[in-house]
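Below is one structure; the comments refer to it alone.
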There are 2 protein chains.
Amino acid sequence: MATRRERLREQTSAEIKAAALAHLREGGGAALSLRAVAVSIGMSPAGLYRYYPNRDALLTDLITDGFAALAHEVAQARDAAQGDAFVAAALAYRQWALAHPHEFALLYGTPIPDYQAPEAGPTSSASRQVGAAFVPPIAAAWHRGTLKPQEVPPHLTALNTFAAAFDLPPAVAALAFTAWTTIHGLVVLETFGHLAWLGENPAPLAETRFRALSRDLGIAP
Amino acid sequence: MATRRERLREQTSAEIKAAALAHLREGGGAALSLRAVAVSIGMSPAGLYRYYPNRDALLTDLITDGFAALAHEVAQARDAAQGDAFVAAALAYRQWALAHPHEFALLYGTPIPDYQAPEAGPTSSASRQVGAAFVPPIAAAWHRGTLKPQEVPPHLTALNTFAAAFDLPPAVAALAFTAWTTIHGLVVLETFGHLAWLGENPAPLAETRFRALSRDLGIAP
DNA sequence: CTGCACTGCGATCAGTGTTCACACTTTGAC
DNA sequence: GTCAAAGTGTGAACACTGATCGCAGTGCAG
């Protein structure tokens with residue numbers, strides 16, 4: 001049950017977050033000013049501190065939402081894919097990054113000063129959802145038996161538990177992990193402008209790359 | 001010939017850069033304060049502006065140096081390698097990133113607000129040196145004929161010119177590019193703490209991964 | 001109705017990058 | 001040797017940032 005006060009608070013909180021997101025989308029996380037957010041919703045700068053203890057808390061909220069949005073986008077593209085669901089997911093990952101470069105930078109760019117999200121924090125669990133979104137097509141390939149066997153690095157029990165969560169052998173989890181980090185490498189470099197020297201349109205590069213990856217790992221149907 | 005004044009200026013400039021680098025190594029780029037740098041070398045904050053027009057210029061200098069240092073480290077490890085030079089280079093890339101996380105973040109993390117380095121800028125050419133450091137072992141494998149053929153994405157003339165610079169066919173350049181982005185994906189995720197959930201020691205994961213990459217691409221001798 | 005927690009505001013503080021007018025020193029030409 | 005020009009450094013100031021604090025109002029529960 002939500003009292004009137006709780007509803008209002010929720011609403012204001014959402015309004016703050018929405019305004020912050022709008023400011024983030026143009027200008028980036030570094031330029032996100034609490035004062036600007038405050039005035040854009042007709043509030044005093046000090047008032048924001050009733051809702052967020054500090055700037056990092058607001059950013060953490062945006063990060064959590066960003067991970068969820070990215071994971072959702074990837075999962076949706078994967079499920080709606082006609083051909084290779086894995087390639088579709090990878091392309092969606094890239095598309096989202098290019099369409100929301102500042103949010104992507106917040107997720108995977110330079111981490112906040114020293115701080116690191118605690119194991120149980122909302123951001124880390126949301127982060128894992130993104131990686132997990134790539135698993136189903138890989139699991140399907142494993143069940144089909146087309147998957148190329150992958151070497152499992154020793155002393156990595158975390159990979160085992162990750163695999164167990166999907167009811168898959170560790171080798172398949174290792175392959176999913178490999179696939180995700182490979183995709184991320186290309187996407188992060190392109191999104192942050194380190195591939196500008198490649199010239200005009202890197203889209204065919206990405207597509208060719210993802211298709212080859214799917215084929216080489218034995219994911220492609 | 002350097003006049004006395006030019007020498008002094010050079011010296012002061014280097015001192016500023018060294019102090020800035022020291023501050024960068026603890027605290028990160030976002031926390032790098034011109035005032036702190038100024039007092040640490042016994043200068044007025046305003047005095048720095050005789051040497052750098054603004055904060056970004058100082059950061060640009062640090063970025064250029066960082067790319068050069070990383071490229072040097074990778075090249076050195078590659079040349080000193082006993083076994084697989086490509087794996088050695090990849091491991092050096094990872095080592096440098098983990099040893100200098102803040103500098104690595106400056107190079108490959110969230111880009112400075114809107115600004116993007118001009119085509120002819122010092123940072124972009126220094127950046128390309130890093131990718132180029134991975135080429136020789138791949139070129140050697142090509143000459144040996146062990147290289148796995150790579151699909152060349154269409155409409156990417158830049159890759160052709162890059163290949164021509166090393167006197168290699170475009171397919172080999174495409175493979176080198178693939179290799180670099182793959183390595184980067186794993187390293188950037190680990191350096192920025194997104195692989196913390198993997199637990200204790202991700203080193204064997206990286207080594208296994210790089211060896212497999214070298215083998216699968218046909219680079220390994 | 002009363003008391004209390006909640007909400008928001010203005011003032012304020014410390015810190016940031018940056019600019020400006022001003023002093024001081026070094027340099028090079030006469 | 002003289003002297004103007006160029007280079008170098010300073011202190012004060014500006015506009016901005018995140019953050020804190022005490023003080024007013026307001027909604028809610030008893």
Side-chain angles (χ1 to χ4, degrees), chain A residues 1-24 26-63 102 106 110-115, chain B residues 1-24 26-63 102 106 110-115:
Chain A
M1 63 161 192
T3 76
R4 171 178 149 78
R5 221 180 210 155
E6 281 170 345
R7 272 186 292 114
L8 282 182
R9 183 177 180 82
E10 195 76 17
Q11 190 174 323
T12 308
S13 201
E15 193 177 355
I16 293 174
K17 201 155 71 177
L21 185 61
H23 280 254
L24 170 68
E26 44 169 293
L32 200 162
S33 147
L34 287 190
R35 301 176 116 85
V37 170
V39 305
S40 84
I41 64 167
M43 207 186 209
S44 158
L48 290 188
Y49 285 82
R50 298 283 177 201
Y51 296 86
Y52 291 95
N54 52 43
R55 189 173 176 274
D56 282 2
L58 177 54
L59 285 179
T60 300
D61 234 25
L62 292 179
I63 291 174
H102 291 131
L106 211 56
T110 307
I112 316 285
D114 50 73
Y115 178 82
Chain B
M1 63 160 192
T3 75
R4 169 179 149 78
R5 224 182 206 152
E6 282 169 345
R7 272 186 292 116
L8 282 181
R9 184 177 181 80
E10 195 77 17
Q11 189 173 324
T12 308
S13 201
E15 193 177 355
I16 292 175
K17 201 156 70 178
L21 185 61
H23 281 253
L24 170 68
E26 44 168 294
L32 200 161
S33 149
L34 286 191
R35 301 176 117 87
V37 170
V39 304
S40 83
I41 64 168
M43 207 185 208
S44 157
L48 290 188
Y49 285 81
R50 298 284 177 201
Y51 295 86
Y52 291 94
N54 52 43
R55 188 173 178 274
D56 282 3
L58 177 54
L59 285 179
T60 300
D61 233 25
L62 292 180
I63 290 175
H102 290 130
L106 210 57
T110 308
I112 315 285
D114 51 73
Y115 178 82

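Residue numbers begin at 1 in each chain, while the letters A, B, ... track the order of the sequences.
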Please check this pair: side chain of Ser40(A) against backbone of Val37(A), looking for a donor-acceptor N/O pair closer than 3.5 Å.
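Between the backbone of Val37(A) and the side chain of Ser40(A) there is a qualifying donor-acceptor contact (under 3.5 Å).
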What is the distance from atom [atom1] of [X] to atom [atom2] of [Y], rounded to the nearest 0.5 Å?
X: Lys17(B); Y: Thr12(B); atom1: NZ; atom2: OG1; value: 13.0 Å
X: Thr60(B); Y: Arg55(B); atom1: OG1; atom2: CZ; value: 11.0 Å
X: His102(A); Y: Leu21(A); atom1: NE2; atom2: CG; value: 12.0 Å
X: Leu59(A); Y: Leu106(A); atom1: CG; atom2: CG; value: 5.5 Å
X: Asn54(B); Y: Leu48(B); atom1: CG; atom2: CG; value: 11.5 Å

Mind calculating the distance between [atom1] ([X]) and [atom2] ([N]) to the nearest angstrom?
X: Gln11(B); N: dT8(D); atom1: CD; atom2: P; result: 13 Å
X: Tyr51(A); N: dA19(D); atom1: OH; atom2: P; result: 18 Å
X: Leu48(B); N: dG11(D); atom1: CG; atom2: C1'; result: 15 Å
X: Leu8(A); N: dC28(D); atom1: CG; atom2: C1'; result: 12 Å
X: Ile16(A); N: dG8(C); atom1: CD1; atom2: C1'; result: 11 Å
X: Arg7(B); N: dG7(D); atom1: CZ; atom2: C1'; result: 16 Å

Inset, instruction - Could you tell me whether the phosphate oxygens of dA19(D), OP1 or OP2, come under 4.0 Å of any side-chain nitrogen or oxygen in Tyr52(A)? - result: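 The answer is no; no side-chain N or O of Tyr52(A) sits under 4.0 Å from OP1 or OP2.
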Please lay out, stage by stage, how Leu32(B) and Leu62(B) fare under the test side chain to side chain contact (heavy atoms under 4.5 Å, CB included).
CA-CA 12 Å; Leu32(B) 200 161; Leu62(B) 292 180; 4.0 Å; yes
Given protein heavy atoms under 4.0 Å, the one-letter contact record of nucleotides 12-24 of chain C, with B base, S sugar-phosphate only and - none, is simply B---BBBBB----
Quick tally for nucleotides 25-30 of chain C: nucleotides whose base has a protein heavy atom under 4.0 Å get B, sugar-phosphate-only ones S, the rest -, giving BBS---
Q.
On a heavy-atom basis, which atom in Tyr52(A) and which in Ser13(A) lie closest, and how many Å separate them?
A.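 Minimum heavy-atom separation between Tyr52(A) and Ser13(A): OH-OG, 3.8 Å.
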